[in-house]
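Read the numbers this way: they start at 1 and go in the same order the structure lists the ligands and their atoms. Hydrogens, waters and symmetry mates are skipped; everything else that's a heavy atom, side chains included, is used.
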Amino acid sequence: MITVKAGSVTFQNVRKTFGAFTAIHDLSLTIEPGTLVTLLGPSGCGKTTTLRMLAGLEHPTSGKILIGGKDVTMLPANERDVSMVFQSYALFPHMTSLENVAYGLQSSGIGKKEAREKAEEGLKLVGLAGMGHRLPAELSGGQQQRVAVARALVLEPQVLLLDEPLSNLDARLRRRVRTEIRDLQQRLGFTAVYVTHDQDEALAVSDRIIVMKDGEIAQSGAPRELYEAPASPFIADFMGEANVLPCEILHSNGTEVLVRVSNIEHRLQSRAGRGPAKLAVRPGSIRIGSASAEGLKGRVLHSAYLGGHVEYEVETDVGTLFVIDHDADHAHAAASDVTLAFKNRGIAVISG
Ligand SMILES: Nc1ncnc2c1ncn2[C@@H]1O[C@H](COP(=O)(O)OP(=O)(O)O)[C@@H](O)[C@H]1O
Ligand SMILES: [Mg+2]
């Protein structure tokens, strides 16, 4: 039987320098047992370094790391009770998939028969029952990835670490494999730390996302929170396209504000105070109507029919707005005068 331990993870004021370069500044975070948390950020922001410190492949310059409540800061990788799924899968090409999965178990001292039984169960968990005799070269990329996940899971780690696990798969397979990983994680309830630079992937698989920038946490929260209430222009832009507009906060009561953008006023949840601010508006959160409707006046610069929706660029006196309208039946042609109104979701006051 493969048992799931689901440990927690804590970083306390972790710093990591490489010579004179500081890759991670004062990182503190907590990951609850049984959740899938993604480290998301542009290349070079410190995701892999953070994961490697958790795995024991790098040691912090200062600060503490705890796994399942135990201080592991100075423990070597093999005493940490974590397993890592690498981007390259790192399967042994001359071993069958069953042997690959059983290998780590046998080197940890489990008898050959029990290791094979566990490996078979691991392959079954990832949907590869009956494929144990195949060599990695006889499996598709997605199947090799599943062998790598099975190999990590049979070690019964407190935390499963995945570093850009989909980057060697073609675009079509990526969506399927990410769903498989998420399903397996929810079904078995293990703790997972998942690294990616792809915001769609992060939104699709995560309980919580930690967005990193230049070795620091830029914002963390549930996928919906990051998408709908970004705290900075960086997050607004990184989590998907956003129009960032100048606005004036007219009223504020600590939880709700009334903002003015050009000639329109809009009420939304925000803790911001009165005065000039910026508003992040998702392209899908703008309603486009005829020139006679109430709202922000504009003129269509471009419109593109994309099957299920129409994309517009609309010139207004607060800038050119990118709009996605799912009502493809009532398209507005280029050069027509239109009116824009804000929907109730996907609009956030941002600072900085
Ligand atoms: N062993 C190392 N020596 C020197 N610099 C490193 C080393 N590992 C990572 N870095 C630097 O630390 C920063 C973060 O790297 P990394 O954690 O790999 O980023 P990410 O995985 O987010 O792309 C980068 O600027 C990288 O060049
Ligand atoms: Mg990396």
Side-chain angles (χ1 to χ4, degrees), residues 9-31 36-65 67 72-78 80 82-91 141 144-145 148-149 152 157 159-171 174 177-178 181-182 191-206 208-221 223 226 230-240:
V9 171
T10 307
F11 277 55
Q12 289 174 353
N13 307 103
V14 170
R15 225 168 91 83
K16 176 66 180 175
T17 57
F18 294 108
F21 177 73
T22 303
I24 301 295
H25 306 260
D26 197 29
L27 183 72
S28 295
L29 58 87
T30 303
I31 295 174
L36 191 158
V37 173
T38 296
L39 303 176
L40 171 69
S43 176
C45 71
K47 306 179 295 291
T48 296
T49 303
T50 303
L51 206 67
R52 287 175 59 82
M53 286 194 286
L54 186 50
L57 302 170
E58 295 283 359
H59 291 286
T61 308
S62 60
K64 264 192 196 176
I65 298 176
I67 295 173
V72 298
T73 314
M74 298 323 281
L75 285 185
N78 60 355
R80 289 238 176 162
V82 298
S83 4
M84 182 114 147
V85 176
F86 294 94
Q87 175 175 338
S88 57
Y89 318 143
L91 300 177
Q144 289 179 41
Q145 176 61 271
V149 170
V159 186
L160 189 72
L161 310 180
L162 303 113
D163 191 1
E164 307 260 2
L166 310 185
S167 52
N168 282 356
L169 302 174
D170 64 46
R174 252 178 246 156
V177 175
R178 80 184 186 200
I181 291 174
R182 176 58 164 166
T191 310
V193 184
Y194 189 108
V195 163
T196 181
H197 63 274
D198 182 315
Q199 67 282 5
D200 277 349
E201 196 176 315
L203 289 170
V205 301
S206 314
R208 211 155 65 81
I209 300 174
I210 297 173
V211 187
M212 296 178 67
K213 187 189 179 204
D214 300 333
E216 290 178 295
I217 296 179
Q219 189 178 354
S220 75
L226 289 181
S232 64
F234 169 76
I235 300 289
D237 200 50
F238 195 73
M239 295 310 296

Residues 11-30 vs salt bridge (Lys or Arg N to Asp or Glu O under 4.0 Å), sequence neighbours excluded, gives Lys16-Glu58
With sequence neighbours left out, the residues meeting ring pair (Phe, Tyr, Trp, His ring centres under 6.0 Å) with Phe238 are Phe234
Contacts for ligand 1, heavy atom under 4.0 Å, by chain and number, are Phe18, Phe21, Ala23, Pro42, Ser43, Gly44, Cys45, Gly46, Lys47, Thr48, Thr49
Under 3.5 Å, which donor-acceptor pairs link side chains of residues 47-54 to any protein atom two or more places apart or in another chain?
from: Lys47; atom 1: NZ; to: Gly41; atom 2: O; distance (Å): 2.9
from: Lys47; atom 1: NZ; to: Pro42; atom 2: O; distance (Å): 3.2
from: Thr48; atom 1: OG1; to: Asp163; atom 2: OD2; distance (Å): 3.1
from: Thr50; atom 1: OG1; to: Gly46; atom 2: O; distance (Å): 2.7

Output yes if Thr48 passes the N/O/S-under-2.8 Å test against the Mg ion (ligand 2); output no otherwise.
-> yes
To the nearest 0.5 Å, atom CG of Leu39 lies from atom CG of Leu29 at 7.0 Å
Closest non-hydrogen contact found for Gln219 with Ala231 is OE1-N, 2.8 Å
Interatomic distance, CZ@Arg208 vs CG@Leu40, rounded to 0.5 Å, equals 13.0 Å
